[in-house]
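To keep things clear, I will list the structure first and then write my remarks on it.
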Amino acid sequence: MNYKDTLHLPKTDFPMKADLVTREPERLKIWEEQGLYGQIQDTRKDAPLFVLHDGPPFANGDVHMGTALNKVLKDLIVKSKTMAGFRAPFVPGWDCHGLPIEFKVVKESRGLSPVEVRRKSEEYARKFIDIQRGQFKRLGVFGTWADPYLTLAHGYEAEIIRAFAKFVEKGLVYQSKKPVYWSTGAQTALAEAEVEYADRTDPAIYVKFPLVTGDLAGKANMVIWTTTPWTLPANVAIAVSAKQEYVLVTLGRDGWAEDFFVARPLLESFTREAELQVYGEVATVTGEQLAGLEAQHPFLDRKSRIITADFVTMDSGTGQVHVAPGHGADDYIAGKQHGLPILSPVDDAGKLTEEAGMPAWTGKYVFDANADVVAHLRSIKALLGEQKYLHSYPHCWRSKTPVVFRAVEQFFIKIDALRADALKAIDGVTWLPHWGRNRIYGTVESRPDWCISRQRTWGVPLPVFYDASGQPILDAALARKVADLVDQHGTNLWFEKNDAEWAQMLGLPAGTTRRSDTLDVWIDSGVSHTAVTAKRPELGGSPIADVYIEATDQHRGWFQSSLMTSIALYGQAPYKSVITHGFVVDKDSRKKVSKSEQGTYAKPMNAEHFVGKYGADIVRLWASSVDYQNEVPFSEESFKGLTDAYRSFRNILRILLANLFDFDSAQHAVEFRPLGETGGVAAWTRGPSGEAIRGTIIDRWVLSRLQEVTETCRKAYAEYDFRKVFQTLNQFVTVDISALYVDITKDRLYCDAANSPRRRVTQTVMARVLDSLARLLAPILVFTADEAWQFAGRKTSVHLEQFPEPDAVLRDTALEAQMEQLLGLRGKIGQAVEGARAEKLIGNALEGAVTLQIADQSLYDQLNGREAELEELFILSDLTIAVGGENSARVIRTTRQKCARCWRHRKDVGARPAHPELCERCADVVEDVAKKTVVS
RNA sequence: GGGCGUGUAGCUCAGUUGGUUAGAGCAUGCGCUUGAUAAGCGCAGGGUCGCAGGUUCGAAUCCUGCCACGCCCA
């Protein structure tokens with residue numbers, strides 16, 4: 001007879017195949033229709049507020065795995081905080097202005113007017129905002145997607161200008177002609193964060209400067225070393241090291257010889273590299289003694305003054321440094337100290353101007369002019385040596401052209417006025433990982449004044465007017481008036497109206513002009529604490545957020561720009577804690593995945609590719625499984641491994657659901673109760689009849705483990721340690737639930753009478769595990785957890801729920817320890833069974849008769865007489881236990897008969913004459929089933 | 001070149017104040033099951049814990065140096 005029909009086999013419609021790629025969008029649509037995000041906020045209306053403030057991604061390019069990691073991590077925080085009982089709104093944003101967009105637009109169509117460039121740039125930004133928004137939503141990220149914050153919104157732009165007004169009011173803004181990083185490719189000043197270093201070969205030359213004052217006038221020469229010959233037209237001084245010894249030596253070659261000053265430590269390397277002979281030493285002086293003398297510029301009618309400076313090192317060169325205050329930061333400072341002129345005879349495109357004083361070079365790109373300068377120096381016999389010099393040199397991150405230092409009129413924010421407060425504020429912030437504190441501290445400690453003006457079109461205009469004489473009017477009230485107009489009309493107004501119209505609108509005298517400079521985009525995103533955090537009612541009205549989380553490069557970027565502006569505006573940091581994550585890098589090349597490299601990868605790196613191939617839940621599982629605090633190596637291979645982890649989660653949810661097919665918790669659930677005096681062990685009482693049933697070891701153990709897992713996960717979520725959540729749940733699911741609990745309880749679930757107490761106990765435990773698992777997984781597997789929740793018969797989304805609370809009554813550490821021992825014994829049995837199998841004694845373990853020898857007397861005493869429970873626990877038919885020796889197991893073939901229904905080999909098979917093939921338990925069940933069938 | 005950080009099995013990661021034979025999941029191999037079945041279970045192989053010294057009865061863990069990689073700075 002076939003008894004299969006009398007079993008309670010698992011049954012569910014929850015599909016084994018996830019098919020996330022088609023199913024996720026359907027669920028997404030339902031969530032949207034229900035307004036799930038709004039519902040979540042409603043359920044948390046009165047809960048304590050937790051604000052994660054979104055750092056705005058740039059509105060350019062597709063969402064790649066790096067962006068996806070960032071956004072998913074944010075979502076994991078927001079969702080886990082929500083489920084921990086907070087009201088955690090998420091307002092996503094985009095950084096919309098800036099060079100990369102303008103660059104693309106200008107490249108596409110040349111010769112556009114500023115107004116047209118801005119219109120196209122906005123179009124471009126909005127296009128990518130839509131693309132990215134779609135991709136972020138598809139990843140299951142919840143937030144106010146219909147109403148994000150955009151730095152190009154009129155209201156936001158107005159706040160930027162108001163912030164500027166405040167800076168002006170506090171006397172933080174000044175204008176100065178100062179050397180800045182200048183991109184000749186993009187024709188603008190660059191922020192430090194926009195500069196990247198790359199190798200480059202330049203001519204390194206030694207240049208003669210004859211002394212023209214002092215005793216040695218006409219008799220001795222200075223000699224400098226430089227790798228930027230094109231800056232020589234701007235030379236106004238030569239710096240020496242005050243305390244350093246300089247030796248006057250006679251140098252020459254091929255019959256020619258002259259006297260030169262050279263720093264003693266560099267004499268050897270200089271003469272070797274310049275291939276000069278040392279004919280004799282004439283005198284020795286210190287740098288201080290040289291100071292004040294003047295040398296003749298090699299090709300211009302100008303004197304170059306000898307000065308002392310700290311930045312002169314003995315690393316390379318001659319110990320005499322060519323100083324061009326218009327072309328270097330150190331040079332500028334030295335120039336200021338000594339009252340030297342600031343020359344910068346280079347135009348926006350990096351071409352030498354007439355001011356350079358060399359008509360033949362006018363219009364030459366500076367890096368091309370190098371060769372002309374060298375040739376000219378050689379022809380006038382001022383060149384003492386030349387080499388090719390490979391060095392790491394700053395380049396523009398956008399145009400990839402080498403950067404020049406160029407002095408232009410720019411506006412700056414005085415960092416010195418903010419530095420002390422900023423450093424103090426840094427120590428009031430929690431940095432995660434903790435070394436982030438040092439990172440930003442060092443950056444803030446050493447950063448120079450903030451150059452906030454840009455010669456670009458796609459940005460917020462610098463709200464400064466110039467009087468008839470061309471002097472800037474730095475006036476907060478005026479800037480605020482501009483802000484009010486911008487609030488209504490947007491910043492396009494600045495470009496659409498002319499000077500006269502602006503003067504009229506603001507009541508300024510005729511002849512007042514304005515310029516086309518825009519503000520550094522780091523100001524845009526840097527004031528989001530004011531334009532968003534403080535302004536959005538749902539975010540609580542304070543500019544201070546609970547947490548910022550971005551990639552590590554933002555220590556120099558957004559974390560810092562936000563900090564400095566916040567210090568200027570409020571005197572405090574805009575965040576309570578800052579978390580950083582590493583970059584996603586290609587596993588093989590170790591190359592960072594970034595937008596500017598997009599399209600250059602051999603392998604796909606777009607989030608869309610992986611979402612479309614595997615599903616968002618897999619991408620999220622990936623994000624939760626990696627060590628995000630470090631660099632995150634990424635390959636499709638390792639990504640595939642996660643699909644297996646996903647499957648184990650899904651299959652567990654499925655088998656739990658399936659085993660609960662005839663379980664109605666209101667009707668069948670048993671109660672958990674402490675056992676009282678016998679200890680913390682839990683027992684159960686059945687509802688209606690009230691008889692006490694003690695759960696078996698495995699039930700009580702799983703419940704205990706569930707409490708531990710719950711506690712661990714809650715704590716890990718609170719510490720943003722998602723990897724730990726992943727590991728913990730993964731192991732719980734694969735080992736404790738799948739390999740142990742589900743496997744062990746199959747017999748009772750399938751074969752016991754439907755209402756058998758131990759069957760209902762098991763289902764009660766499984767229901768509890770399912771419930772906890774779905775909640776604990778919900779922030780990570782947003783779609784799958786919700787799907788399981790729905791199949792568990794819940795009418796609303798799991799995302800409206802809270803995390804389970806660990807129940808101390810159900811925790812039983814003594815039992816856990818005992819289980820540890822039992823699992824050790826289980827291992828011994830497993831090995832013995834394998835052995836017996838290899839010898840063809842048995843096929844499967846149920847055919848074996850196992851004798852288990854237990855070394856520990858007290859364990860044996862506890863187990864003796866509980867063979868039936870142990871047979872179930874070890875999934876055996878025939879177990880005998882003995883004590884002594886060491887833990888071991890022996891297996892022979894059992895002599896017991898196999899029950900045709902439960903397939904176990906039992907002593908009592910055939911005890912019921914009516915059912916000769918069955919064990920008693922199965923006979924009872926079958927008879928009961930038969931009766932019922934007759935009745936109905 | 002300087003600062004910060006990282007380096008444990010093919011992959012993703014655990015390794016408590018130093019303490020038995022360094023663990024888990026996945027992957028691999030070999031079996032079992034066919035009543036979770038495009039599933040489930042078991043067993044096995046796989047690591048000189050980046051390298052070299054040192055402290056210690058004992059080091060993946062503490063110290064020093066080096067190597068590789070990353071970020072930041074020059």
Side-chain angles (χ1 to χ4, degrees), chain A residues 2-12 14 16-17 192-193 195-197 311 313 315-316 329-330 391-394 433-443 445-447 551-557 580-583 585 587 590-592 621-622 624-627 629-635 637-648 650-659 723-724 726-735 738-740 742-744 746-747 749-751 826-827 829-838 840 842-847 875 901-903:
Chain A
N2 183 12
Y3 290 100
K4 188 165 172 177
D5 296 340
T6 69
L7 299 174
H8 317 293
L9 293 180
K11 198 158 60 185
T12 180
F14 186 81
M16 179 179 288
K17 193 165 182 300
E192 273 186 69
V195 168
E196 59 189 26
Y197 283 78
F311 59 79
T313 66
D315 296 339
S316 55
D330 286 339
H391 57 157
S392 173
Y393 190 84
H434 63 91
W435 43 260
R437 178 261 175 205
N438 289 345
R439 191 56 76 72
I440 193 163
Y441 198 93
T443 316
E445 214 169 17
S446 62
R447 76 160 291 165
T552 53
D553 58 342
Q554 298 304 329
H555 281 125
R556 201 167 62 132
T580 51
H581 59 83
F583 291 109
V585 298
K587 188 168 182 46
R590 306 300 278 194
K591 240 177 111 177
K592 170 177 142 189
L621 196 59
W622 164 76
S624 76
S625 74
V626 299
D627 178 14
Q629 296 198 341
N630 284 302
E631 179 182 81
V632 180
F634 181 83
S635 71
E637 182 209 351
S638 62
F639 194 78
K640 272 181 187 156
L642 283 160
T643 59
D644 295 302
Y646 174 81
R647 247 200 303 276
S648 62
R650 185 172 186 91
N651 277 324
I652 270 306
L653 293 169
R654 182 167 180 269
I655 189 66
L656 292 175
L657 285 165
N659 278 334
R723 189 171 53 165
K724 186 159 201 166
F726 171 82
Q727 297 274 341
T728 301
L729 290 178
N730 187 234
Q731 295 205 20
F732 179 63
V733 153
T734 53
V735 181
S738 185
L740 294 173
V742 170
D743 211 35
I744 287 165
K746 271 178 187 172
D747 178 75
L749 285 176
Y750 300 175
C751 304
R826 182 172 173 271
I829 293 170
Q831 289 172 339
V833 165
E834 282 300 315
R837 215 176 253 156
K840 308 279 184 207
I842 56 168
N844 74 60
L846 289 174
E847 292 166 12
I875 317 183
R901 182 168 176 272
C902 68
W903 295 349

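Keep in mind the model is a prediction, meaning the values are calculated, not measured. So you know, we letter chains A, B, ... as the sequences are listed, proteins then strands, and number each from 1.
- Partner assigned to B:G70 is B:C4, using Watson-Crick or G-U wobble distances below 3.5 angstrom.
- Within the 4.0 angstrom heavy-atom criterion, base atoms lie near A:Ser738.
- Comparing B:C72, B:A39, B:U12 against the side chain of A:Arg439 picks out B:C72 as the nearest.
- Of all nucleotides present, only B:U28 satisfies the Watson-Crick or G-U wobble test against B:A44, with each distance under 3.5 Å.
- Within the nucleic acid shown, A:Asp627 comes within 4.0 Å of sugar-phosphate atoms alone, with no base atom in reach, counting heavy atoms only.
- Judged by the 6.0 Å and 45° rule, A:Arg650 forms a cation-pi pair with A:Phe14.
- Set against B:G5, B:U12, B:A39, the side chain of A:Asn630 has B:G5 as its closest nucleotide.
- Nucleotide B:U12 holds its P atom 16 Å from the CD atom of A:Gln731, rounded to whole Å.
- The A:Trp435 side chain lies nearest to B:C4 when the options are B:G40, B:C71, B:C4.
- Each of B:C13, B:G35, B:G40 was ranked by its minimum atom distance to the side chain of A:Leu7; first place goes to B:G35.
- The side chain of A:Arg837 has B:C32 as its nearest neighbour among B:G35, B:C32, B:A36.
- Looking at A:Ile875 and A:Lys746, their side chains never come closer than 4.5 Å, going by heavy atoms from C-beta outward.
- The gap from the C1' atom of B:C41 to that of B:A36 amounts to 11 Å, rounded to the nearest Å.
- Nucleotides B:G47 and B:C11 place their C1' atoms 14 Å apart, quoted to the nearest Å.
- Between A:Phe583 and A:Asp553, the closest side-chain pair of non-hydrogen atoms falls below 4.5 Å.
- Remark: the separation of the C1' atoms in B:G45 and B:G31 is 14 Å, to the nearest Å.
- Looking at heavy-atom distances under 4.0 Å, A:Gly843 makes contact with sugar-phosphate atoms alone, never a base.
- Each of A:Ala739 and A:Gln727 was matched to the nucleotide of RNA chain B holding its nearest heavy atom; the match closer to the 5' end belongs to A:Gln727.
- The residue A:Lys724 sits apart from the nucleic acid: no heavy atom pair falls under 4.0 Å.
- Contact of the A:Ser738 side chain with the A:Asn651 side chain is not registered, since no non-hydrogen atoms from C-beta on lie closer than 4.5 Å.
- A sub-4.0 Å separation between OP1 or OP2 of B:A38 and a side-chain N or O of A:Lys17 is absent.
- The C1' atoms of B:A44 and B:U61 are separated by 30 Å, rounded to the nearest whole Å.
- Atom NE2 in A:His434 sits about 15 Å away from atom C1' in B:G3, given to the nearest Å.
- Nucleotides B:G19 and B:A60, compared at atom P, are 9 Å apart to the nearest Å.
- Minimum interatomic distance between A:Leu642 and A:Leu621 (heavy atoms only, all atoms of both residues): O-CD2, 3.7 Å.
- Separation of the P atoms belonging to B:C26 and B:C63 is 36 Å when rounded to the nearest angstrom.
- Rounded to whole Å, atom C1' of B:C72 lies 10 Å from atom CG of A:Asp553.
- At a threshold of 4.0 angstrom between heavy atoms, the contacts of A:Trp903 include nucleobase atoms, whether or not backbone atoms are also involved.
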Stepwise, does the side chain to side chain donor-acceptor pair (under 3.5 Å) test hold for A:Thr552 with A:Arg439? CA-CA 9 Å; A:Thr552 53; A:Arg439 191 56 76 72; 4.8 Å; no
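- Straight-line distance from the CG atom of A:Asn844 to the P atom of B:G35: 13 Å, rounded to whole Å.
- The gap from the P atom of B:U8 to that of B:C62 amounts to 15 Å, rounded to the nearest Å.
- Candidate nucleotides B:C41, B:A39, B:A24 were compared by shortest atom distance to the side chain of A:Val735, and B:A24 ranks first.
- Using the Watson-Crick or G-U wobble rule with both distances under 3.5 Å, B:U64 pairs with B:A52.
- The A:Asp644 side chain lies nearest to B:A27 when the options are B:A44, B:A27, B:G25.
- Contact annotation: A:Arg647 side-chain N/O to B:A27 OP1/OP2 distance is not under 4.0 Å.
- Counting to the nearest Å, the P atom of B:U12 and the CZ atom of A:Phe634 are 12 Å from each other.
- Each of A:Gln629 and A:Lys840 has a nearest nucleotide on RNA chain B; the 5'-most of these lies closest to A:Gln629.
- One can place OH of A:Tyr441 at 20 Å from C1' of B:G5, the figure rounded to the nearest angstrom.
- Using modelled atom types, one side-chain atom of A:Arg901 and one backbone atom of A:Cys751 make a donor-acceptor pair closer than 3.5 Å.
- Checking B:C71, B:A36, B:U12 against the side-chain heavy atoms of A:Ser625 singles out B:U12 as nearest.
- Within the structure, a side-chain polar atom (N or O) of A:Tyr750 is placed less than 4.0 Å from OP1 or OP2 of B:A36.
- No engagement by A:Ala658 is indicated, since no non-hydrogen atom pair under 4.0 Å with the nucleic acid exists.
- A gap of 12 Å separates the P atoms of B:U48 and B:A22, to the nearest Å.
- Residue A:Glu847 contributes atom CD, which lies 18 Å from atom P of B:G42 at whole-angstrom precision.
- Among the protein residues, A:Val833 comes within range of no part of the nucleic acid, since none of its heavy atoms lies under 4.0 Å from any strand.
- No donor-acceptor pair closer than 3.5 Å links the side chain of A:Arg837 to the backbone N or O of A:Ile842.
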Applying side chain to side chain contact (heavy atoms under 4.5 Å, CB included), run through A:Lys4 and A:Leu9 and close with a yes or a no. CA-CA 8 Å; A:Lys4 188 165 172 177; A:Leu9 293 180; 3.7 Å; yes
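- No donor-acceptor contact under 3.5 Å links the side chain of A:Thr734 to the base of B:A24.
- B:C32 atom P lies 9 Å from atom CD of A:Glu834, rounded to whole Å.
- Judged by Watson-Crick or G-U wobble contacts below 3.5 Å, the nucleotide B:A38 has no partner.
- Counting non-hydrogen atoms under 4.0 angstrom, A:Arg437 reaches nothing in the nucleic acid.
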